[in-house]
K.L.:
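Attaching a single structure in structure tokens format; questions to follow.
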Amino acid sequence: MTENAFTRRDNDNGESNGEDGGRGVGRMTERGAGVAGGTVLVTSGTGKTGRRVVERLTALGVPVRSGSRTGEVPFDWQDASGWAAALRGTRAAYVAYYPDLAAPGAAEAMAAFGQTAEACGVRRVVLLSGRGEPRAVVAEEALRGAAGTVEVTVVRSAFFAQNFNEGALLDGVLGGEVVFPAGTTAEPFLDLDDVADVVVAALTGDGHAGAVYELTGPRSLTFAEAAGELGRAAGRPVRYVPVTGPVYASLLEEFGVPGPEAGFLAELFATLLDGHNTATTDDVKRVLGREPKDFSAFAREAAGNGAWHG
């Protein structure tokens, strides 16, 4: 519950749950694959986006190191001493930072990672970030400033749709009540397969160096509207229960989240869900040449894959 399952960030929990969409990578070309060249390190390689990126790179024949805290390639954001070993000999890296780029210490970690990546000869880094998070932008810039000649691409994501079937909101859907401090704010929920496809395109293709992509789904829904669509797909009622930030922080503490972290998450949601992230973008289409997956399509696929049979 503490690995950003609540938001849109990756997590590295050693599990590989959920289904891959199996869709292509859009405008990735053979010449582009040669630009990145060599091996790609995927940090949080067992997380929500990380494992999808690993699957896609592997399918393309790109050598991959899947980094995780307990995997064959040790990588822990809390232990910088192992970063060089994971990066050495790689030509590109996908960075999904835990616990969140807006969290205290993230900018320092990004600066240290950037320095290590350049020292190890990495040529390209793709960073997963949060859309509309001022403190995450500070961490983005810390990475850019420290990475020197390394090409850096930033992928800022809206809320993951898969939070409802792979993250902490799953239990709410199963229980028929999604409790969250979103009020009536609409959010352009984004499918993780679209995130992974954009990341792989940026890792392997041309023309992405220095780019900042803001990824959203094709339309915005309130959490109440999203709950309604989830209920129709699951075949049983699901309703949204709005709560205030302090109430939500208290609920998180009841589930074992430490008080400071619970407070940080509640504050983060207040920042994200004030309406400034409601508008959609066309960046998925710009990168991949196709529209992003609609939330209703995500819900039908998740239901068909048995996500809410529990």
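Note: hydrogens, waters and symmetry copies are ignored here, and every other heavy atom, side chains too, is used.
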K.L.:
Hey, could you give me the CG/CG distance between L265 and D100, rounded to the nearest 0.5 Å?
P.N.:
8.0 Å
K.L.:
Please round to the nearest 0.5 Å and tell me the distance separating atom CZ of R286 and atom CD of E214.
P.N.:
10.5 Å
K.L.:
With a 4.5 Å limit on heavy-atom distance, are the side chains of V53 and V200 in contact?
P.N.:
yes
K.L.:
Could you pull out the closest heavy-atom pair between A279 and P188, with the gap in Å?
P.N.:
O-CG, 4.0 Å
K.L.:
Do T70 and T46 come within less than 4.5 Å of each other through their side chains, counting heavy atoms only?
P.N.:
no
K.L.:
How close do L101 and A106 get, heavy atom to heavy atom, and via which atoms?
P.N.:
O-CB, 3.3 Å
K.L.:
Would you kindly say whether S129 and E140 are connected by a side-chain donor-acceptor distance under 3.5 Å?
P.N.:
yes
K.L.:
Of the options L128, V155, L41, V54, which is the one that meets Y94 in a side chain to side chain contact (heavy atoms under 4.5 Å, CB included)?
P.N.:
L128
K.L.:
Could you state the interatomic distance from CG (D283) to CG (L288), rounded to the nearest 0.5 Å?
P.N.:
10.0 Å
K.L.:
Output the distance between atom CZ (R88) and atom OG1 (T116), rounded to the nearest 0.5 Å.
P.N.:
9.5 Å
K.L.:
If you group Ile, Leu, Val, Met, Phe, Trp and Tyr by side-chain heavy-atom gaps below 4.5 Å, do V137 and F269 land in one group?
P.N.:
no
K.L.:
On a heavy-atom basis, which atom in A93 and which in F113 lie closest, and how many Å separate them?
P.N.:
CB-CZ, 4.3 Å
K.L.:
Search all heavy atoms of R52 against all heavy atoms of K48 and return the closest pair with its distance.
P.N.:
NH1-O, 2.9 Å
K.L.:
Please name the pair of heavy atoms, one in A96 and one in W77, separated by the smallest distance, quoted to 0.1 Å.
P.N.:
O-NE1, 3.1 Å
K.L.:
Treating Ile, Leu, Val, Met, Phe, Trp and Tyr as nodes and any side-chain heavy-atom pair under 4.5 angstrom as an edge, say whether V178 and V247 lie in one connected cluster.
P.N.:
yes
K.L.:
Between V152 and A147, which heavy-atom pair has the shortest distance, and what is it?
P.N.:
CG2-CB, 4.1 Å
K.L.:
Any non-hydrogen side-chain atom of P63 less than 4.5 Å from a side-chain atom of R91?
P.N.:
no
K.L.:
Output yes when a side-chain donor or acceptor of T222 lies under 3.5 Å from a complementary backbone atom of T184, and no otherwise.
P.N.:
no
K.L.:
Aromatic rings F295 and F189: how do their planes relate, parallel, tilted or perpendicular, breaks at 30° and 60°?
P.N.:
tilted
K.L.:
Can you tell whether the side chains of R290 and D194 come within less than 4.0 Å, N to carboxylate O?
P.N.:
yes
K.L.:
Mark yes or no: R69 above the aromatic ring of Y98, with NZ or CZ under 6.0 Å from the six-membered ring centre and no more than 45 degrees from the axis.
P.N.:
yes
K.L.:
Do H208 and Y213 pass the side-chain contact (heavy atoms from CB on, under 4.5 Å) test, and can you show the C-alpha distance, the side-chain angles, and the key distance before you say yes or no?
P.N.:
CA-CA 9 Å; H208 304 286; Y213 297 122; 2.7 Å; yes
K.L.:
Find out whether F298 and N165 are in side-chain contact, i.e. whether some heavy atom of one side chain is under 4.5 Å from a heavy atom of the other.
P.N.:
yes
K.L.:
Are any non-hydrogen side-chain atoms of V95 and M110 less than 4.5 angstrom apart?
P.N.:
yes
K.L.:
For the residue pair F223 and V241, establish whether any side-chain heavy-atom pair is separated by less than 4.5 Å.
P.N.:
no
K.L.:
Only one of L169, L170, L192 forms a side chain to side chain contact (heavy atoms under 4.5 Å, CB included) with Q162, so which one is it?
P.N.:
L192
K.L.:
Tell me if a side-chain donor or acceptor on Y248 pairs with a main-chain N or O of P242 at a distance below 3.5 Å.
P.N.:
no
K.L.:
Apply the test side-chain contact (heavy atoms from CB on, under 4.5 Å) to residues R131 and T281: give CA-CA distance (whole Å), side-chain angles for both, the deciding distance (0.1 Å), then the verdict.
P.N.:
CA-CA 11 Å; R131 184 172 181 241; T281 74; 3.7 Å; yes
K.L.:
Could you tell me whether R300 and D294 have a side-chain N and a carboxylate O separated by less than 4.0 Å?
P.N.:
no
K.L.:
Between S220 and A186 (side chain of the first, backbone of the second, donor and acceptor by atom type, cut-off under 3.5 Å), is there such a pair?
P.N.:
no
K.L.:
Given the rule in the side-chain contact (heavy atoms from CB on, under 4.5 Å) test, do R156 and V212 qualify, once you have shown the distances and angles that lead to the verdict?
P.N.:
CA-CA 7 Å; R156 295 174 181 164; V212 176; 3.5 Å; yes
K.L.:
Looking at G176, is its backbone amide N or carbonyl O close enough to the side chain of R236 to form a donor-acceptor pair, meaning the two atoms are under 3.5 Å apart?
P.N.:
no
K.L.:
Can you measure from CD (E151) to CZ (R123) and round to the nearest 0.5 angstrom?
P.N.:
7.0 Å
K.L.:
What distance separates D191 CG from E301 CD, expressed to the nearest 0.5 Å?
P.N.:
7.0 Å
K.L.:
Do T149 and E118 have side-chain heavy atoms sitting under 4.5 Å apart?
P.N.:
yes
K.L.:
Would you say the ring centers of F159 and F164 fall short of 6.0 Å from each other?
P.N.:
no
K.L.:
Check whether L268 and V138 end up in the same hydrophobic cluster, where Ile, Leu, Val, Met, Phe, Trp and Tyr are linked by side-chain heavy atoms less than 4.5 Å apart.
P.N.:
no
K.L.:
Go through it in stages, so that I can follow the logic: the residues are W83 and C120, the test is side-chain contact (heavy atoms from CB on, under 4.5 Å), and I'd like the CA-CA distance, side-chain angles, deciding distance and then a yes or no.
P.N.:
CA-CA 10 Å; W83 297 355; C120 289; over 6 Å; no
K.L.:
Kindly indicate whether the side chain of T49, heavy atoms from C-beta on, has any atom under 4.5 Å from the side chain of F160.
P.N.:
yes
K.L.:
Tell me, please, which residues at least two apart from E267 pass salt bridge (Lys or Arg N to Asp or Glu O under 4.0 Å).
P.N.:
R135
